[in-house]
Structure formats: C-alpha cells, structure tokens
Amino acid sequence: MEKIFNHLNESQAAAVKQTEGPVLILAGAGSGKTTTIISRLAYLIEVVGIPASNTLTLTFTNKAAKEMKERSLSMIENVAYPPLLCTFHKFGLLFLKFNIHLLKRANNFVVIDTDDKKRIIKKINSELPTPLIASEISRYKNSLMTPDDAYKQTELFSYKQIAEVFAEYEKYLLENNLVDFDDLIALTYKLLDENPELAKATSQKYQYIMIDEYQDTNELQFKLLQKLCTVHNNLCVVGDDDQSIYGWRGAHIRNIMEFDQDFSGTHVFKLEENYRSRAPILKVANALIEHNRSRLGKKLIATRGNGDDVTTLNSNDENEEARKVAAKIEKLLESGVRAREIAILYRVNVLSRSVEEGLNRYGINYKLVGGLRFYDRAEIKDLISYIRVITNHHDDFSLKRIVNKPKRGLGKASLDKIELAAQKKGTSIYEYITQAPMEELEGLVRKKNAATLKEFAKNIQEVAGIAQASTYEFIDALEETFSLKDIYKNMQDGQERILNIDEFYGLFRDFVKKSPQSSLDEFLNELTLQSEQDQVEGESIYMMSIHASKGLEFEHVFVIGMEEGFLPLTGDGSDLEEERRLGYVAFTRAKETLTLCHAGSRFYKGRRSDLEKSRFFNEAGLCKGSLKCEKNTAFKKGDLVRHKIFGTGRIIGVSKSGREFKLKINFAGTKRDILASFVEKL
DNA sequence: AACGGCATCTTTTTT
DNA sequence: AGATGCCGTT
C-alpha cells in the first residue's frame, strides 16, 4: 500500500483510489500519466483484491504496452496470471481467436498489414488510386458499414466503384481467411453486438478497464468500450485533449471532450503538475495552447523550477538553420550533454534533410526515427511471406509474392496462367504445382521453369517438415534452401538489405528462445501486430516528426521549420487547433532547453519559396517587445485580427509604440488601440 | 521477363 | 528534388 502511494501526488493518489465507476483522468504532458495508470492497476490488484485476470488495460502502441508491462511487473507482486495489458488490436486478436467461430470462421486466420491490403486492392482495381480505396475501406469498416451500405450511400460513380472493390475485397479476405487491422476491432465489436450473452460474459470478465491515450480513440473503439461496459461502468480513461494529434486518422476528440456525458457520474481528475520541463518552457507551451477554443481547460504547473528562457533561432534559409542548430548541438555535446538527450523535431519529415547535412558536416551522429519501418521493408516482407507459405501452403497471396524471389523465370504472364489453372481445378496454387503432371505444367510455362516450380514446391514442403520438428533449425534451413540473402548480393543497397535479413533472423531466434513451444503461426501474427523494433540505444542525437515524438522527452529540444505553412501546416483539410496541439506536444518534450527555429525561405517541392514566421511565436508570447518579430507577422491596414476579449476586428491603422507596433482596431464599431502582440491574425 | 524512361505527387502514422 | 508507378521497349 505504502509502496503504491509513495511516489504519487495528491491528485494522482485520488485518481488511483477512485476504482469504481467511470473515471476521466486528464493528464497533462509530463504529469506522471503512466505512473498513475500502473499504480491504479497495482492498487486494484494488491489492495482492493481484484483478480488480475479481471482487469483490462488497453494502449495504442506496442511500445506503450511494453513499457507499462515492465513497470507494472515491478510493482505488482505475487500474481499468478499477469493482468491483460495490451494494444487494442492485440485484444481484438485474442478475442477473435476465441470467438470468431461464431461468425462461422476458422480461428487460424492470418492478420494482414496495410501493404498486403493494398496489394489485394490493387489486384481488384488498378484504375482508382489504391491508397484512396484503402483508406475508404478503412473508413467504411470503422463506421460499421457493409459494402452494400457504402454503395447505397453515394451517388458518385467512382465511389460506387470503390464500394464494389470493397465487396470483392471482403470476399477475398473471407475466402483466404484473412483479417485486416480494422477487422480486429470491427469484428470484435460485431461479435459483441450480435451476441448479447457474449457481451455480458466478456464485460463480466473484465470488471475494471483502463484506456491509455483516450484522446486517440475513434468512434468504433468508443462503441467497443461501451460493449465492454455492458454490466458495469468501471471504465477509467486517461488522456489529454491538448495532445490529440491524430484527428486526420479518425481519432475522435469528441470522445474525451464528452466522456462525462457519455458515462454519467464520471469522476474527473486533472493531473496538472508537470515533472518534466523547466518553468519557461511550460509558460510558452501553456500560452500557445490557450489559444485553442475547443479544450477542456488545463494548465501545466511547473515543479522543476526556473531555467533557461526559450530561444528563438532566426535564419535566412534552411542551410543557415542547419549550421546554427548543428553548432549549438556541438556546444551542448562539448559541455557534456549526452547525445540521446538532444532531439530535433519537425512537422514534416522532408525537413530533416537539410539538418542532416549540417549535422554530417559537424560530424554529429544522429538517428532518424520513423521513415520506413523495419517490418515494412520489402526484403523483410518477402521473408515473412516465405514463412507464411511454409506454415500454410495454400496461402496463395503470400506464395505469389515469393514465387519469383529469387527469380525463377515466373513473370506476371506465367503466374496468371498457373493461377487460372489452379482456379479451374479449385485448388490452391501450391497444390496445383505439386499435383499437376509435369506435361501439363510444361504446357503453361517453359519446360525449364516447370521443373523449377516443382523444385520450389518440394523445398517448401521440406522446410515445413524441419519447422515442425524444430523451430530452432528452421531459420537456417530456410536460408540454406532458398538462399534469400543472395538475391541482394549484387544490388546497390544490397548490403543494407542483407543486414536487415540477418537482423530478422536474429529476432526470430530470440522469439524461439523466449517461447520455444510457440508455433510459426503465433510468431507470424505477433509480428504483424508489431511496430518498430526497439530503437537501439546509442550515442547519437534523435531526429523525428512531432508525431513520432509524442510520449518521449529530451533535455534539449530543437523545433525546426516553425513557419506558416509548415507549423502550422496550412492547406485543405488542415485544422489550426490540431496544429497548435502539435506545437504544444513539441514544446512539452523539452526538459531543460527549448529552441524554436524558423527560416526566411526553404527549398521545397522542387523550388525555393519565401516563408513567414509561424504565428505560434506570437501566440506563445515569444514576440513581446521585439520589432524584428513583427516584421514577419506583417500587420497591415485591413487585416482581420482576433483579440482574446474583444473578439474579431479589422485593423484600421498601424503605428509604432516604443519597441512594439500599436494597432488601431475596429471591433464591431468600437475603435480601440491595442498592442500588436495581444491579437492574432486571422 | 526485365529494364529504363516519363509522368505524377508530395503531412502527420499505428495497428 | 526525389520517390513511386506505369508503360513501352528490348
């Protein structure tokens, strides 16, 4: 008991103790959110006496789940079964394994990733852009729409077409017993919705539910949570409306804004004490986010005392910016700061390029986080396809991916012929290759290739036999039989690919060591749900998008590209309030110092364009008393501006007052003199 | 079947 | 600019 409350402040402790009923914990950046969740879990299990198996804690990323698991293990003692703590999708996977038979489907389904999904779509329709169809299908599934619903909903021909692709896509998944990411949640919901008894039983099993990063949930996840709360309302959600930065991906900020209306009798706790950043950093972050209208209202209170002022770094172009940032970082490193405590953040990934060059010139090592993920690399996906075919020879989808890797002379034309022949016989491609007489195969493809195909099928079977006997020997047998590394031996970026393959082999061996009794099947599904491999700790600084930085912290943070058009990013579909939240997330990553950089022009999309300093400098209160800053904001007669108290008005005159500009503004007929830093341009 | 040249697009990203 | 994708040529 003491151990649990030792490290908690008052509001954290209060939130931990409120175990019953709906609970909303508004956890500001750096306010000890994870500590609170873990403590609450420990309190439920160790003090209240709830069996660990009756709790459920859901996160969005594997990383968060992993961190919480590790930290909870050190806090919870004597637990026969560890509490279920996993991602939403993992929960869906587990649930479907036990219950998908109710949808008349076998539970040996395979989870496909976004790339697989796109390949399937592309095969069905190559006219419309695949990513569009993919995202529309995702949207339909998240709205629980059937292809039929989607078809009826629209009058547009192209969208009717998309609905038709959706129908065929669903048919394909069903026929091959595949499940996509959206299905993991949607089918789980469907099962609970159509089987009230199952919903009741599931809700009874998970009596205490906690959700991390609640501001990132979408509508379907919300509905799923409602089902899980069929027989109780012990739902505790933790999140921060000010850090909702995934609206563009369907996250429903409404969920957190209106939680207390969705669940009556909600207890609200605000965690506002910040244990991360120095006071000046928090001041700037608070000032910025206060400009958002749609928020629950929360202020970060500094506990770490005063520190350096937030610095603005002004450059003419991106090269100057890169030099200045690199020089500053070099100084920090010389003063003994560890490299991993320094991060460069940006709104758009392309902005990393110029800074990379600067860092290289200064000989500073950096690590790019994000970009192409390990499991998305073609060579790794090929390997996974090999393993899939070995576990399930009838997985035509994966087989087609690898049948010509390494080259076996099987191009599109030959493959189509084989596939057609297999379809006619009603068998899988693998089965067709093994069973068709040699003469028949030779009628379809070249003699030499027919033999290669037979050999390929034989090899698959052989390696499958080895896998069954010993997962230990499997990986070596795979490489020996198919020489997958040789494919890349003579390619330009081949060495890197071979290294990736070796890394994958290493990961596989680790998996086997950790759970020797597991089948390849389990390994595969685990893999599909896995995101990035753990970033290796090294002596290099970090560079990443603001999105990727969420949840992390660094002593020294540089935000580059703070210009209109980059942060905030403008254009169709952009949401100024979400951009502001992005700024807020970026600022609150910093523990000791925060440096905000902007450049007068950048080379972007093939041409150089002039840029205005971001309005966020003004909003964050970083412009007071400085004329230099006003130059870029360029208030002029006729501009519409907003004042926090007087509302919207039009500038009718500009004059200088000391070091600042004074504006004469017409607010709905009332003319007032206002200092420029107190209004924002509309 | 494989390669190379031309056109097109360009925010953020997890599962 | 740079990556990706499609199509036509070899």
Side-chain angles (χ1 to χ4, degrees), chain A residues 58-65 86-93 111-119 122 126-127 129-132 134-135 138 141-142 179-186 188 212-213 216-218 220-221 244-251 318 345-354 369-373 375-376 378 403-405 407-416 445-446 448-449 525-532 544-551 561 565-575 578-579 581-583 585-586 602-609:
Chain A
L58 297 181
T59 66
F60 275 87
T61 62
N62 289 302
K63 201 175 146 216
C86 62
T87 62
F88 264 95
H89 290 84
K90 181 73 187 286
F91 174 74
L93 174 68
V111 183
I112 57 165
D113 67 15
T114 317
D115 210 63
D116 300 330
K117 179 180 172 183
K118 286 183 181 160
R119 286 175 56 214
K122 185 150 220 154
S126 53
E127 275 174 56
T130 307
L132 171 75
S135 70
S138 201
K141 288 198 180 192
N142 277 291
V179 153
D180 68 17
F181 286 137
D182 298 319
D183 286 335
L184 290 174
I185 315 281
T188 297
D212 185 29
E213 305 279 17
D216 290 339
T217 49
N218 65 23
L220 181 59
Q221 284 156 341
S244 164
I245 56 174
Y246 287 106
W248 52 273
R249 206 168 66 187
E318 70 276 15
L345 308 182
Y346 33 80
R347 174 67 232 266
V348 187
N349 276 317
V350 286
L351 290 185
S352 72
R353 288 202 177 276
S354 54
V369 180
L372 192 56
R373 276 166 309 151
Y375 292 106
D376 288 342
V403 74
N404 204 26
K405 284 174 193 174
K407 294 207 170 24
R408 297 186 177 93
L410 256 254
K412 198 179 172 308
S414 313
L415 195 55
D416 282 350
V445 299
R446 268 177 235 165
K448 189 176 142 236
N449 295 339
N525 275 343
E526 196 70 23
L527 217 61
T528 310
L529 291 181
Q530 207 114 74
S531 59
E532 275 156 87
M544 68 191 86
S545 70
I546 297 173
H547 282 90
S549 76
K550 198 170 117 188
F566 282 105
L567 184 64
L569 199 67
T570 48
D572 57 302
S574 71
D575 170 356
E578 184 149 316
E579 296 301 313
R581 292 192 288 268
L582 274 161
V585 167
R602 279 180 200 281
F603 199 75
Y604 181 62
K605 285 189 186 172
R607 63 200 194 88
R608 178 159 296 283
S609 21

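First the proteins, then the strands, lettered A, B, ... as listed; each starts at 1.
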Which part of the nucleic acid, if any, lies within reach of Asn404(A) when heavy atoms closer than 4.0 Å are counted: base, sugar-phosphate only, or nothing?
-> sugar-phosphate
Expressed in angstrom and rounded to an integer, what is the separation of Ile245(A) atom CD1 from dT14(B) atom P?
-> 11 Å
Take the protein atom NE2 of His89(A) and the nucleotide atom C1' of dT14(B), then report the distance between them rounded to whole Å.
-> 8 Å
Quick one: Asp216(A) CG to dT15(B) P, roughly how many Å, whole number?
-> 12 Å
dT14(B) OP1/OP2 closer than 4.0 Å to side-chain N/O of Asn218(A) = no
Taking the side chain as every heavy atom from C-beta outward, state whether Phe91(A) and Leu184(A) have any atom pair closer than 4.5 Å.
-> no
Identify the two heavy atoms, one from Cys86(A) and one from Ala65(A), that lie closest to each other, and give their separation to 0.1 Å.
-> CA-CB, 4.1 Å
CG/Asp216(A) to CD1/Ile245(A) distance, rounded to the nearest 0.5 angstrom?
-> 7.0 Å
Would a distance-only check, ignoring hydrogens and angles, find a side-chain to backbone donor-acceptor pair under 3.5 Å from Lys117(A) to Ala134(A)?
-> yes
Please determine if Arg249(A) forms a cation-pi arrangement with Tyr246(A), meaning its NZ or CZ atom is less than 6.0 Å from the six-membered ring centre and no more than 45° off the ring axis.
-> yes
Scan Ser574(A) against the nucleic acid and name what it touches under 4.0 Å (heavy atoms): base, sugar-phosphate only, or nothing.
-> nothing
Is a donor-acceptor contact shorter than 3.5 angstrom present between the side chain of Thr114(A) and the base of dT15(B)?
-> yes
Ignoring backbone atoms, establish whether Lys605(A) has a side-chain N or O less than 4.0 Å from OP1 or OP2 of dT11(B).
-> yes
Just wondering, are more than 12 heavy atoms of other shown residues or ligands nearer than 6.0 Å to CZ in Arg353(A)?
-> no
Nearest-angstrom distance from the residue atom CG of Leu345(A) to P of dT12(B) | 14 Å
Go through DNA chain C in 5' to 3' direction and return only the first and the last nucleotide with some atom under 4.0 Å of chain A's heavy atoms.
-> dA1(C) to dC6(C)
For dT15(B), does either OP1 or OP2 sit under 4.0 Å from a side-chain N or O belonging to Asn62(A)?
-> yes
Which whole-number value in Å describes the distance from Leu184(A) CG to dT14(B) C1'?
-> 12 Å
If you measure from the P atom in dT12(B) to the same atom in dG5(C), how many Å do you get, rounded?
-> 16 Å
Could you state the atom-to-atom distance from CG of Leu351(A) to C1' of dT12(B) in whole Å?
-> 12 Å
Spacing of CZ belonging to Arg581(A) relative to CD1 belonging to Ile546(A), to within rounding of 0.5 Å = 13.0 Å
Tell me whether Phe88(A) is stacked on the nucleobase of dT15(B), counting only the six-membered base ring and applying the 5.5 Å and 30° thresholds.
-> no
Check the angle between the aromatic planes of Phe88(A) and Phe60(A) and answer parallel, tilted or perpendicular using the 30° and 60° thresholds.
-> tilted
Once you round it to whole Å, what is the distance between P of dT14(B) and CG of Asp212(A)?
-> 16 Å
Rounded to whole angstrom, note down the P distance from dT13(B) over to dT4(C).
-> 16 Å
Checking dT11(B), dT12(B), dT15(B) against the side chain of Trp248(A) (C-beta onward), the nearest is dT12(B)
Measure from the side chain of Arg249(A), starting at C-beta and using heavy atoms only, and say which of dT13(B), dT15(B), dT11(B) lies closest.
-> dT13(B)
May I ask you to say what Lys117(A) touches in the nucleic acid, namely base, sugar-phosphate or nothing, with a heavy-atom cut-off under 4.0 Å?
-> nothing
Could you tell me the separation between the CG atom of Leu569(A) and the C1' atom of dT10(B), rounded to a whole number of Å?
-> 11 Å
